[in-house]
Amino acid sequence: MQAPSNTPSAQDAASAPPASPAFLAGGGEMGALMRAHDWARSPLGPPQAWPQPLRAMARLILNTGHPMYIWWGDENACLYNDAYRECIGPERHPCSLGRPAREVWEEIWPIIGPQIEQVREGRGATWNVNRLVPITRHGRREDVYWTYSYSPIDDDDSPNGIGGVLVVCTETTEQVQAHLRIAAERDQMGQLFEQAPTFMALLSGPQHKFEIANPSFLKLVDREVVGQTLAEAMPDAVAQGYGALLDRVYASGEAYIATGAKFMSHSRPGEPAVERFVDFVYQPIKGKDGRVTAIFVEGADVTDRELADAALRANEARYRELSQALAESNRAKDEFLATLAHELRNPLAAISNALALQQHGRHSEHILASSRNIIERQLVQMVRLIDDLLDLSRLTRGIVELKREPLSLLGVVRQAVDASRPGVEQAGHRLLSTLPAQDCVVEADETRLIQVLSNLINNAAKFTPRGGTVALSLACDDGTAVLSVRDDGVGIPPEMLESVFDMFTQVQRSHAYVGGGLGIGLTLVRQLVEQHGGSVAAHSAGPGQGSEFVVRLPLARQALASPVDAAAAAAPFAASGLRVLVADDNTDAAESLSLLLGIGDNEVRTAVNGSEALEIAQAFQPQVMLLDIAMPGLDGHEVCRKVRQTPWGRDALMIATSGWGQAEDRRRSAEAGFDHHLVKPVDYVALDALLLARAAAGR
């Protein structure tokens, strides 16, 4: 039996795979894969048959550590090295070895296909830096950046003399992403710098040259500064000591912090400086050697805060002043209330005494006449006090409506003098008036102007010793009427010249020679004059030197209308035969008013509440009804409504009588059906005029 032989037989030699070509030697994992690969299934065929240019390129890529790739032949079959396989992931390694490029890289073919075609057609190599070529690897789509070139591999036997494409590449994803991240951070920092509400700037070198400055800084200084030194850009800041502060920070390397520092900005020559306040930090920037190279400036414009703090401090001081003024006002108010009580008690005492005289001296005509005169005078005084209070209330609330018309100031002065003369002469004074030959015409409310002058005349008389002089003058000067009331009385201290017009303010009461008053007369004067568009001022050389009050009013543009015959206008009709019903829950008021109306030949009935008034009216059918508003049970408004629903009541003259006379009170009376609203105590002249008109209409 023949021993087995270790020499391979011809049959074994024929079936053994051909030895790998030398150009595929080495190359790490990819070299081993290429040597073991079944190339019969690849468009490239067996390596032994590869053309020389392909062999040379294969040897090149297997023996370099730089990522390289080869596309060869008509189908661009793929070859690559170990350095490249790290970039493509398990999806394409090792399955892409020897396969056509379009099958392997279908997802990015729109990007690389045209570049491969450019090289294969002989139109030159390509070069791409940090090119985004997204690929799928490790199971997900990734944005991959490459720096790569596509270069031709020459082969005389191939179309265009180019057998394939050599790809030399480097993945730069990490570098690009790092650059993008840094750029994004830089952009974010830039945005923060640009959009920061605080101001920022960087000054370099010992001359403090502006390298950068954000919009907030430029807005603060209102000028361009970048590229200039502090001395060049902001000499005003150097003059205010900010340059010296920067020098100190640059020399010492220590930061400087300021709070609420004043900065006067002179942004434009010739314009006034703008005062600003800033909080800021000078932060030194040091180099590797520890020396200061620049100073970073950061801060905030706190002008509003500082102004608010200053205003708060001022308000605190103002609050203390107001507290003192309030205490003084309360004292004045308390004195006013005490004065009001005193002023009301005086006429009430006189009225009480007069009533007692009438009870005990009823048979003496002299006593009866004197007591009636006393009651009449004291009632006038009380009505004046109450009217002043009501006028002040209306003026304070701005509800006084002036009845403006062209007025002769000569006429107004004469009426005021006539009305005031008895009181002035009773106080033992002379009342003089100096009037111009030519009249002064103003657009004004006649009643209110007479009230102004009367108050000034009475005030002068009150504070003038017996035997003094009160002088009134009128003049027209440059479109203005000037009214002056002078006296030679007690005068006004300089510190009170402005406050005499304030509510409840009086020169010391002990200085008043005629009565005391409420201390509101001058307040009424000022408010009435100002409502007419004028002004009033007080003048005095001091205590004992007398006083002068000057009223200025704008002259009217419109001339006076032709005068009307006053006597003809006031000619009354004779009252006779009117049926009148008076209703008031104050029995004395109802009875006294009924007696007065009975004097005029009127037939009068009296009721003391609303129900009784309605019952009497149903039987009496009065032509005129005077109804108190605030009656128990049915009030005056309800009685009026019910009367207006009757056939006889539709034409009756309905007059409301009330202690309330505000605009709202009059409106409610009109809505209830009243024709007129008279304020208590009723003006008998006005009432008589209404009755005369009603009687004339009846005839």
Side-chain angles (χ1 to χ4, degrees), residues 195-201 203 208 213-223 225 230 233-249 252 254-284 295-336 396-398 492-506 519 522-523 526-527 530 535 537-538:
Q195 299 174 10
T198 58
F199 58 78
M200 300 178 188
L203 289 77
H208 315 303
N214 74 344
S216 294
F217 188 92
L218 298 177
K219 179 180 179 182
L220 173 70
V221 300
D222 195 21
R223 71 195 82 176
V225 297
L230 180 71
M234 300 175 62
D236 49 336
V238 174
Q240 294 172 64
Y242 289 97
L245 286 176
L246 286 167
D247 289 341
R248 190 171 78 187
V249 172
S252 67
E254 296 179 357
Y256 178 82
I257 301 174
T259 302
K262 182 190 292 187
F263 172 60
M264 301 297 295
S265 175
H266 299 266
S267 58
R268 293 179 178 83
E271 291 188 3
V274 178
E275 184 180 67
R276 313 299 297 173
F277 295 91
V278 291
D279 292 348
F280 67 89
V281 176
Y282 286 165
Q283 181 64 49
I295 297 175
F296 182 68
V297 180
E298 192 275 334
D301 185 341
V302 294
T303 304
D304 290 344
R305 184 195 71 194
E306 292 297 313
L307 293 179
D309 288 345
L312 180 60
R313 292 190 293 272
N315 285 338
E316 289 173 349
R318 179 60 177 158
Y319 173 76
R320 289 191 293 272
E321 294 176 1
L322 290 175
S323 295
Q324 295 174 357
L326 181 60
E328 179 62 24
S329 177
N330 285 333
R331 184 201 61 75
K333 179 195 67 177
D334 292 341
E335 182 176 340
F336 166 76
T396 302
R397 290 181 292 154
I492 303 173
E495 66 273 12
M496 291 192 66
L497 285 174
E498 289 297 327
S499 62
V500 291
F501 295 102
D502 294 341
M503 198 179 301
F504 312 143
T505 299
Q506 281 186 311
L522 292 180
T523 304
R526 181 176 64 181
Q527 296 204 25
E530 289 179 351
S535 64

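Counting from 1, the numbers follow the sequence of the chain as shown.
- Taken from CZ in F280 to CG in L220, the straight-line distance is 11.0 Å, to the nearest 0.5 Å.
- For the atom pair D279 CG and E306 CD, the distance stands at 7.0 Å (nearest 0.5 Å).
- D301 has its side chain out of reach of K219: every pair of non-hydrogen atoms, C-beta onward, lies at least 4.5 Å apart.
- The closest side-chain heavy-atom distance from K262 to Q240 is not below 4.5 Å.
- The CG atom of L312 lies 15.0 Å from the CZ atom of R318; values are rounded to the nearest 0.5 Å.
- Considering only heavy atoms from C-beta on, Y282 comes within 4.5 Å of V297 through its side chain.
- Taking both residues in full, the closest heavy atoms of D247 and H208 are given as OD1-NE2, 2.6 Å, listed atom of the first, atom of the second, then distance.
- Between F217 and F199, the ring planes are perpendicular. Angles over 60° get that label, and only those under 30° would be called parallel.
- Between A538 and V500, the closest heavy-atom pair is CB-CG2, 4.1 Å.
- At a threshold of 4.0 Å, the pair D222-R276 does not count as salt-bridged, since none of the basic side-chain nitrogens sits closer than that to a carboxylate oxygen.
- When side chains are defined from C-beta on, T303 does not count as touching E275, because their heavy atoms never get closer than 4.5 Å.
- Nearest heavy atoms, S216 versus P197: OG-O, 3.6 Å.
- The distance from the CG atom of L522 to the CD atom of Q527 is 12.0 Å, given to the nearest 0.5 Å.
- Between V225 and V221, the closest heavy-atom pair is CG1-CG2, 4.2 Å.
- Residues A273 and M264 approach most closely at CB-CE, 3.8 Å, considering heavy atoms.
- Here R313 does not pair with E316 in a salt bridge; the nearest charged N to carboxylate O distance is not below 4.0 Å.
- Using cut-offs of 30° and 60° for the angle between ring planes, the F263 and Y242 rings count as perpendicular.
- Separating the CG atom in L230 from the CG atom in D236 is a distance of 8.5 Å, to the nearest 0.5 Å.
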